2 protein chains.
Amino acid sequence: MKQTTTNKAPETARSAVGRDGVLDIAARLFREQGYGSVSLRKIAEAAGIKAGSIYYHFGSKDEIVAAVLDAGIQVVHASMRDAITALPADTDGETVLRAAIRAHLRALLDVSDYTSANVRIFGQVPQSVRDANLPTRRAYEAEWDSLLSQLKKDGTLKQDVDVRRLRLMLIGTLNATLDWFDPDRGSADALSRTYADVFLNGILQRQDT
Amino acid sequence: MKQTTTNKAPETARSAVGRDGVLDIAARLFREQGYGSVSLRKIAEAAGIKAGSIYYHFGSKDEIVAAVLDAGIQVVHASMRDAITALPADTDGETVLRAAIRAHLRALLDVSDYTSANVRIFGQVPQSVRDANLPTRRAYEAEWDSLLSQLKKDGTLKQDVDVRRLRLMLIGTLNATLDWFDPDRGSADALSRTYADVFLNGILQRQDT
DNA sequence: TCGTTTACCTAACAGTCGTTAGTTAGGCGC
DNA sequence: GCGCCTAACTAACGACTGTTAGGTAAACGA
């Protein structure tokens, strides 16, 4: 999603940001300021070009924001899938779930302006743009449901958990972190361990010690 | 926060919505559509008046949205405090925490457009408006920290929980519900029980059966 | 009955928005 | 050297924004 200029770096005009560069900048601004406060003129200025020039790369503002949203899910989806497929086949369920949580949180907080922009602005964009992002979202949700269902079947999770509800709760909790996370107070990885501890074992002091 | 017309119902002009009525409508629109897409003209139209007339009741759009944000926290704060002070003094810690979770979720999902509007638009409003809402927020957060600290001290909670982090996680999780909650799929109270079960006991199948 | 207050109205302001049309200049293949 | 492609530019469009100034009509206290 980054990797501008596959070969020789164009440098045609002064700026040389190109389509990918504009998209990177749009994602960063959307993450920082939300959807409504980011105008095409702001994006253009940050990219060192003029507002009208954006229409050489994109057909509309909606097209930009839709591209940002899709890329955001694809990044976190790939991050989560890679994390769990990289584990040995006989890894226990708890470890797999911890890895998935860590991968999601990493993409959200450390790696990708696209993923954080998606979480931040999804609720602010026009309905049509939201709808266009839904298939990509559903694929990611299905990946989680598949993982959680398997963990339920193999006895890692309690048998009375509602997979869909648990997935909504999990992803909602992780995404909410974006509102208050401060890297100076602790890394995303440390936070993911806390999250996993709470979800897996709860916060209640247990009698059976 | 509702209760328009303490005594005789003005009915002066045609609409008779008044300041409180405009605020109610603004809160509803903000909850439904977010901050950026709700103009003063939309609020005015929904209230049956003209845009300029809003300036009789409020000095600016920021003043409206600030009033909505403050009321939103006050409603959920009162809901949560009332719920726990209504319990008998010797109520066990787990029950108190469950009551607090239920009260927050009720205010958010069932009772108040103000609370849901706050959660929805807080991240979208200008910095100055956010700052103005902070003292009210901090008071509510302090109430939670006080509750969680006491539960930790009396041994209800594990001794290694970080109160601040747990509070951020808890409220973040509850608020995230707003993005997907559908009353047709289950009540807010039923959902709050699921939340409490997960947070208190975790989702892991336990060996000690 | 008169003056004041309350709650609205109309009309316009300057600014910003997404978007479009037409133009320009550098680099590459032929 | 000529023509094309790429990536920008300028200038303007209509729509919409928050906001203001000044006017109006109904209700109320004296």
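Naming convention: chains lettered A, B, ... in sequence-line order (proteins, then strands); numbering from 1 in each chain. Please read all numbers here as calculations on a predicted model, not as lab measurements.
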Return the set of residues passing side chain to side chain donor-acceptor pair (under 3.5 Å) with [X] (not counting sequence neighbours), or none when no residue passes.
X: B:Asp82; result: none
X: A:Ser60; result: none
X: A:Arg165; result: B:Thr194

Donor-acceptor contacts, no H, no angles, side chain residues 38-53 of chain B, under 3.5 Å, sequence neighbours left out:
unit_1: B:Ser39; atom_1: OG; unit_2: B:Lys42; atom_2: N; d: 3.3
unit_1: B:Lys42; atom_1: NZ; unit_2: B:Gln33; atom_2: OE1; d: 3.1
unit_1: B:Lys42; atom_1: NZ; unit_2: B:Ser37; atom_2: O; d: 2.8
unit_1: B:Ser53; atom_1: OG; unit_2: B:Lys50; atom_2: O; d: 3.4

Can you tell me how far [atom2] of [N] sits from [atom1] of [X], to the nearest Å?
X: B:Arg41; N: C:dC8; atom1: CZ; atom2: P; result: 18 Å
X: B:Phe58; N: C:dA7; atom1: CZ; atom2: C1'; result: 13 Å
X: A:Lys50; N: C:dT23; atom1: NZ; atom2: P; result: 19 Å
X: B:Ile43; N: D:dG18; atom1: CD1; atom2: C1'; result: 11 Å
X: B:Tyr55; N: C:dT10; atom1: OH; atom2: P; result: 17 Å
X: B:Tyr56; N: D:dA21; atom1: OH; atom2: P; result: 17 Å
X: A:Ile49; N: C:dT19; atom1: CD1; atom2: C1'; result: 15 Å
X: B:Ile54; N: D:dT20; atom1: CD1; atom2: P; result: 13 Å

> A:Arg164: what forms a side chain to side chain contact (heavy atoms under 4.5 Å, CB included) with it, not counting sequence neighbours?
Replying inline: A:Asp162, A:Arg167, A:Leu168, B:Arg185
> Is the number of heavy atoms from other residues, nucleotides or ligands under 6.0 Å of A:Arg193 CZ greater than 12?
Replying inline: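 No, the 6.0 Å shell around CZ holds no more than 12 heavy atoms from other groups.
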>> Is it the case that atom CD in A:Glu32 sees more than 12 heavy atoms from other parts of the structure closer than 6.0 Å?
In response: yes
>> Can you list, in residue-number order, the parts of residues 60-68 of chain B that come under 4.0 Å of DNA chain D, counting heavy atoms only?
In response: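 Those residues are B:Ser60, B:Lys61.
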> Taking the nucleotide of DNA chain D with the closest heavy atom to each, which residue, A:His57 or B:Ser37, is nearer the 5' end?
Replying inline: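 So the residue in question is A:His57.
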>> Of the options C:dG18, D:dT19, C:dC8, whose atoms approach the side-chain atoms of B:Leu40 most closely?
In response: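 Within the option list, the nearest is D:dT19.
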>> On the nucleotide D:dT17, are OP1 or OP2 found under 4.0 Å from the side-chain N or O atoms that B:Ser39 carries?
In response: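 Affirmative; the distance criterion is met.
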> Looking across every strand, which nucleic acid part, if any, lies under 4.0 Å from A:Ser53 by heavy atom: base, sugar-phosphate, or nothing?
Replying inline: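 Touches a base.
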